[in-house]
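Quick note: numbers below take in every heavy atom, side chains included, and nothing from hydrogens, waters or symmetry partners. In what follows, every chain begins at residue 1, and chains take the letters A, B, ... in the order their sequences are listed. The structure displayed is predicted, hence computed values, not measured ones.
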Amino acid sequence: MRRTQVDVNIQTARAVGGKIYDWYEMVKRDLPWRRTRDPYKIWVSEVMLQQTRVETVIPYWNRFMELFPTIEALADAPEPDILKAWEGLGYYSRVRNLQKGAQVVREKFAGRVPDTLDEISTLPGVGPYTAGAILSIAYDVDVPAVDGNVFRVLSRIFLIEEDIMKPKTRRTFEGLAEFLIPTGRAASFNQGLMELGATICIPKNPRCQSCPVQEHCRALDEGMQEAFPVKEKKKPPRPVDMTAALLRDGDRVLIRRRPDKGLLAGMWEFPGGERVEGLSLEESLITHLTEAFGVTVAPQRLFAQVQHTFSHLQWDMRVFECAIVQGQVREHDDLKWVAVGELDAYTFPVAHGKVVKELGGLV
DNA sequence: TAGCCGTGGGC
DNA sequence: TGCCCAAGGCT
């Protein structure tokens, strides 16, 4: 028996596992992919269900089964056909991987979906969750299938405070989920855990009065249901004061290309940079341009102010119209004077694009 | 490890 | 409106 990092005695494990199993057998929804044991059809359903709601998946699964009823049919289908069948589901690499997987099954596994963790995990698009789901549901193998529902349900029952956003946390939950499986009944137990998470133990306002394991739930006991699972909140984007220079030469403006790596790699921008600690915006801009091109500029007026939020940064960018007071710009591949009317030919980040648009409006 | 990949629904 | 969330996996 694998040892879990969560302190659970065998009696509790048997009680919780059995109750979830019994409850699922009582209340399970009649879903189309629950009417088959065909590993291929269950595989397709599990991939469709990744990050996607059951109600959304049902019509897609039905249509997919008509179009590609077997591994052979999917393996041989033209890519445009499979994409069309997936249209509107999102995450389109899922269906490309599914087809690649079908081809691998045909060529390496004699057309039969593998029934071991090691083998099935070699299929593209089959990660730890999907592997466990297919093995348990289609082949009755007693392996866990830990998805977002399972994180939520188990973290509440056992008051697990590990951050579920950390990859290593998965092992804790897999160990516990495996420990809870009533022997030989992983198919219904695993689906029961997920069904419980989807219908009762929901993220907000969980329906604890209807829960089959309410008497075992430590979070309910402490009135802390909504504090679980523990999920490190994404840090809010760091605010950054950006500066940029609008330098004109007749109807042309100066743009430069960003480095090939890092944020907004390879895109074009109006030269500038982050505000330097201790300096004003204008002083920072002068410093950046001096260092970058060896020219001295004089900010003359604020041309535009643009806000743009990235996942990790929040730019408050001010674009100053500047004059060159000393030195000369030497053009090269990544630094050019470009007519305003030609700027469309260059790719700008959204923030700079707004400035380009404003410039265009002036022409 | 963190960023990326799509879409629809709930609040 | 703007988040968060939903049966994840890949790079």
**Request:** With sequence neighbours left out, write down each residue that passes side chain to side chain donor-acceptor pair (under 3.5 Å) with A:Lys166, or none if nothing qualifies.
**Result:** none
**Prompt:** Looking at residues at least two apart in the chain, or sitting in another chain, which of them share a side chain to side chain donor-acceptor pair (under 3.5 Å) with A:Asn97?
**Reply:** none
Does anything in [range] reach DNA chain C, meaning a heavy atom under 4.0 Å, and if so which residues?
range                       : answer
residues 24-43 of chain A   : A:Arg29, A:Leu31, A:Arg34
residues 145-154 of chain A : A:Asp147, A:Gly148, A:Asn149, A:Arg152
residues 131-144 of chain A : none

**Message:** Check this for me, if you would: do A:Glu87 and A:Lys84 make a salt bridge, where the nitrogen-to-carboxylate-oxygen distance has to be below 4.0 angstrom?
**Reply:** yes
**Message:** Taking the six-membered ring of A:Phe109 as reference, does the cationic atom of A:Arg112 (NZ for Lys, CZ for Arg) lie under 6.0 Å from its centre and within 45° of its axis?
**Reply:** no
**Message:** Does anything in residues 212-221 of chain A form a side chain to side chain donor-acceptor pair (under 3.5 Å)? List the pairs, not counting sequence neighbours.
**Reply:** A:Lys19-A:Glu215
**Item:** side chain to side chain donor-acceptor pair (under 3.5 Å): pairs with one or both residues in residues 195-204 of chain A, sequence neighbours excluded
**Value:** A:Arg29-A:Glu195, A:Arg34-A:Glu195
**Item:** Strand contacts (DNA chain B) in residues 48-61 of chain A, 4.0 angstrom heavy-atom criterion
**Value:** A:Gln51, A:Thr52, A:Arg53
Please list, chain by chain and in numerical order, all residues satisfying ring pair (Phe, Tyr, Trp, His ring centres under 6.0 Å) with [X], sequence neighbours excluded.
X        : result
A:Phe320 : none
A:Phe68  : A:Phe64
A:Tyr21  : none

**Fill in**
Residues at least two apart in sequence or cross-chain that pass side-chain contact (heavy atoms from CB on, under 4.5 Å) with A:Asp22, listed by chain then number, are none
**Prompt:** Which value, in whole Å, describes the distance between the P atoms of nucleotides B:dG3 and C:dA7?
**Reply:** 23 Å
